[in-house]
Amino acid sequence: QVQLVESGGGLVQAGGSLRLSCAASGYIFNINTMGWYRQAPGKQRELVATFTNSGSINYADSVKGRFTISRGNAKNTVYLQMNILKPEDTAVYLCRVWLDGAAYWGQGTQVTVSS
(Lines give C-alpha, C1' and ligand atoms only; values in the text may rest on other atoms or scores of the structure.)
Protein backbone atom coordinates (compact mmCIF):
# COMPACT_ATOMS: atom_id res chain seq x y z
CA GLN A 1 0.00 0.00 0.00
CA VAL A 2 1.66 3.17 -1.28
CA GLN A 3 -0.10 6.43 -1.99
CA LEU A 4 1.27 9.59 -3.60
CA VAL A 5 -0.62 12.85 -3.17
CA GLU A 6 0.31 15.74 -5.44
CA SER A 7 -0.56 19.41 -5.36
CA GLY A 8 0.49 22.71 -6.88
CA GLY A 9 -0.60 22.47 -10.50
CA GLY A 10 -2.55 25.21 -12.18
CA LEU A 11 -2.65 27.86 -14.86
CA VAL A 12 0.20 30.34 -15.18
CA GLN A 13 1.44 32.81 -17.76
CA ALA A 14 4.65 32.23 -19.68
CA GLY A 15 7.59 33.35 -17.59
CA GLY A 16 5.82 32.57 -14.34
CA SER A 17 6.49 29.98 -11.66
CA LEU A 18 4.78 27.06 -9.96
CA ARG A 19 5.84 24.73 -7.17
CA LEU A 20 4.63 21.13 -7.20
CA SER A 21 4.54 18.99 -4.07
CA CYS A 22 4.21 15.24 -3.60
CA ALA A 23 3.90 13.30 -0.35
CA ALA A 24 4.17 9.52 -0.10
CA SER A 25 2.44 7.42 2.53
CA GLY A 26 1.80 3.77 3.30
CA TYR A 27 4.46 1.08 2.99
CA ILE A 28 7.30 3.45 2.16
CA PHE A 29 10.06 2.35 4.50
CA ASN A 30 12.38 1.51 1.62
CA ILE A 31 12.02 4.55 -0.64
CA ASN A 32 15.14 4.99 -2.74
CA THR A 33 14.31 7.70 -5.27
CA MET A 34 11.55 10.22 -5.91
CA GLY A 35 10.99 12.23 -9.04
CA TRP A 36 8.69 13.78 -11.59
CA TYR A 37 7.50 12.84 -15.06
CA ARG A 38 5.30 14.77 -17.44
CA GLN A 39 3.12 13.92 -20.42
CA ALA A 40 1.96 16.48 -22.94
CA PRO A 41 -0.68 15.88 -25.63
CA GLY A 42 0.77 13.94 -28.55
CA LYS A 43 4.04 13.25 -26.78
CA GLN A 44 5.54 10.38 -24.84
CA ARG A 45 5.77 10.52 -21.09
CA GLU A 46 9.17 11.92 -20.23
CA LEU A 47 11.33 12.04 -17.14
CA VAL A 48 11.65 15.56 -15.77
CA ALA A 49 13.83 15.14 -12.70
CA THR A 50 14.89 12.58 -10.09
CA PHE A 51 16.43 12.81 -6.64
CA THR A 52 17.94 9.74 -4.96
CA ASN A 53 18.37 9.18 -1.23
CA SER A 54 22.12 9.61 -1.69
CA GLY A 55 21.62 13.06 -3.19
CA SER A 56 22.06 12.33 -6.88
CA ILE A 57 19.95 14.66 -9.04
CA ASN A 58 19.13 14.36 -12.73
CA TYR A 59 17.21 16.74 -15.00
CA ALA A 60 15.87 16.54 -18.50
CA ASP A 61 17.79 18.82 -20.84
CA SER A 62 14.64 20.80 -21.57
CA VAL A 63 14.28 21.96 -17.95
CA LYS A 64 17.88 22.41 -16.84
CA GLY A 65 18.43 25.85 -15.38
CA ARG A 66 14.71 26.47 -14.89
CA PHE A 67 13.42 23.65 -12.67
CA THR A 68 14.72 22.56 -9.27
CA ILE A 69 13.89 19.27 -7.57
CA SER A 70 14.20 18.89 -3.81
CA ARG A 71 13.41 16.31 -1.11
CA GLY A 72 12.02 16.80 2.35
CA ASN A 73 14.09 15.82 5.37
CA ALA A 74 11.83 12.82 6.03
CA LYS A 75 12.53 11.56 2.47
CA ASN A 76 8.84 10.91 1.79
CA THR A 77 8.24 14.22 0.06
CA VAL A 78 9.48 15.69 -3.19
CA TYR A 79 9.05 19.13 -4.70
CA LEU A 80 9.51 20.64 -8.13
CA GLN A 81 10.11 24.37 -8.35
CA MET A 82 9.35 25.44 -11.91
CA ASN A 83 10.57 28.86 -13.03
CA ILE A 84 10.53 30.72 -16.34
CA LEU A 85 7.72 28.48 -17.50
CA LYS A 86 7.11 28.11 -21.21
CA PRO A 87 3.99 27.01 -23.10
CA GLU A 88 5.87 23.83 -24.05
CA ASP A 89 5.95 22.92 -20.35
CA THR A 90 2.19 22.40 -20.46
CA ALA A 91 1.55 18.81 -19.42
CA VAL A 92 0.22 16.52 -16.75
CA TYR A 93 2.98 16.19 -14.17
CA LEU A 94 3.20 12.91 -12.29
CA CYS A 95 5.06 12.13 -9.11
CA ARG A 96 7.03 8.89 -9.07
CA VAL A 97 8.49 6.98 -6.13
CA TRP A 98 10.95 4.12 -6.45
CA LEU A 99 11.18 1.59 -3.64
CA ASP A 100 13.55 -1.36 -3.53
CA GLY A 101 11.84 -3.60 -6.09
CA ALA A 102 8.77 -1.54 -6.98
CA ALA A 103 7.70 1.87 -8.24
CA TYR A 104 4.46 3.84 -7.96
CA TRP A 105 2.76 6.75 -9.71
CA GLY A 106 0.90 9.72 -8.36
CA GLN A 107 -2.42 10.72 -9.87
CA GLY A 108 -0.97 13.59 -11.88
CA THR A 109 -1.53 17.32 -11.71
CA GLN A 110 -2.21 19.58 -14.68
CA VAL A 111 0.18 22.43 -15.44
CA THR A 112 -0.95 24.84 -18.14
CA VAL A 113 1.28 27.69 -19.32
CA SER A 114 -0.38 30.35 -21.45
CA SER A 115 1.47 32.45 -24.00
When you look at V63 and R38, which way does the side chain to side chain contact (heavy atoms under 4.5 Å, CB included) test go after all the steps?
-> CA-CA 12 Å; V63 307; R38 68 184 182 186; 3.9 Å; yes

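- Here the side chain of T77 pairs a donor or acceptor atom with the backbone of G72 at under 3.5 angstrom.
- Between W98 and Y37, the ring planes are tilted. Angles from 30° to 60° get that label.
- Not one N or O on the side chain of N30 forms a donor-acceptor pair closer than 3.5 Å with the backbone of L99.
- Between atom CD of residue Q39 and atom CD of residue Q44 there is a gap of 8.5 Å, rounded to the nearest 0.5 Å.
- Here Q81 contributes atom CD and L18 contributes atom CG; the two are 8.5 Å apart, rounded to the nearest 0.5 Å.
- One hydrophobic cluster, built from ILVMFWY side chains closer than 4.5 Å, holds both V97 and I69.
- Pairing each heavy atom of G9 with each of V111, the nearest pair is CA-CG2, 4.2 Å.
- The hydrophobic clustering, which links ILVMFWY residues whose side-chain heavy atoms are closer than 4.5 Å, places I31 and L80 together.
- Hydrophobic cluster membership differs between L4 and L47, with clusters built from Ile, Leu, Val, Met, Phe, Trp and Tyr side chains linked at under 4.5 angstrom.
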Mind running side-chain hydrogen bond (donor to acceptor under 3.5 Å, both in side chains) on S54 and T52 for me, showing each step along the way?
-> CA-CA 5 Å; S54 63; T52 71; 3.0 Å; yes

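- Residues S115 and A14 share a closest heavy-atom pair of CA-CB, 4.4 Å.
- Cluster membership for I84 and L20, using ILVMFWY side-chain heavy atoms within less than 4.5 angstrom, is not shared.
- In the hydrophobic clustering of this structure, Y79 does not group with V92; members are Ile, Leu, Val, Met, Phe, Trp, Tyr whose side-chain heavy atoms approach within less than 4.5 Å, directly or through other members.
- Under the ring pair (Phe, Tyr, Trp, His ring centres under 6.0 Å) criterion, no residue pair touches residues 46-75, with sequence neighbours excluded.
- Here the straight-line distance linking atom CE of M34 with atom OH of Y104 works out to 13.0 Å at 0.5 Å rounding.
- In this structure, the separation between CG on L94 and CD on E6 is 6.0 Å, given to the nearest 0.5 Å.
- Listed by first and then second residue, the disulfide bond (SG atoms under 2.5 Å apart) pairs that reach into residues 16-107 are C22-C95, sequence neighbours excluded.
- N53 is listed as a side-chain neighbour of R71, based on a closest heavy-atom distance under 4.5 Å.
- In this structure, CD on Q1 lies 10.5 Å from CD1 on I28, to the nearest 0.5 angstrom.
- In this structure, the side chain of T109 does not engage the main chain of Y93 through any donor-acceptor pair within 3.5 Å.
- Taking 4.5 Å as the limit, every side-chain heavy atom of W36 sits out of range of all side-chain heavy atoms of R96.
- Within the model, atoms OG1 of T90 and CD of Q110 stand 7.0 Å from one another, a figure rounded to the nearest 0.5 Å.
- Here D89 does not pair with K86 in a salt bridge; the nearest charged N to carboxylate O distance is not below 4.0 Å.
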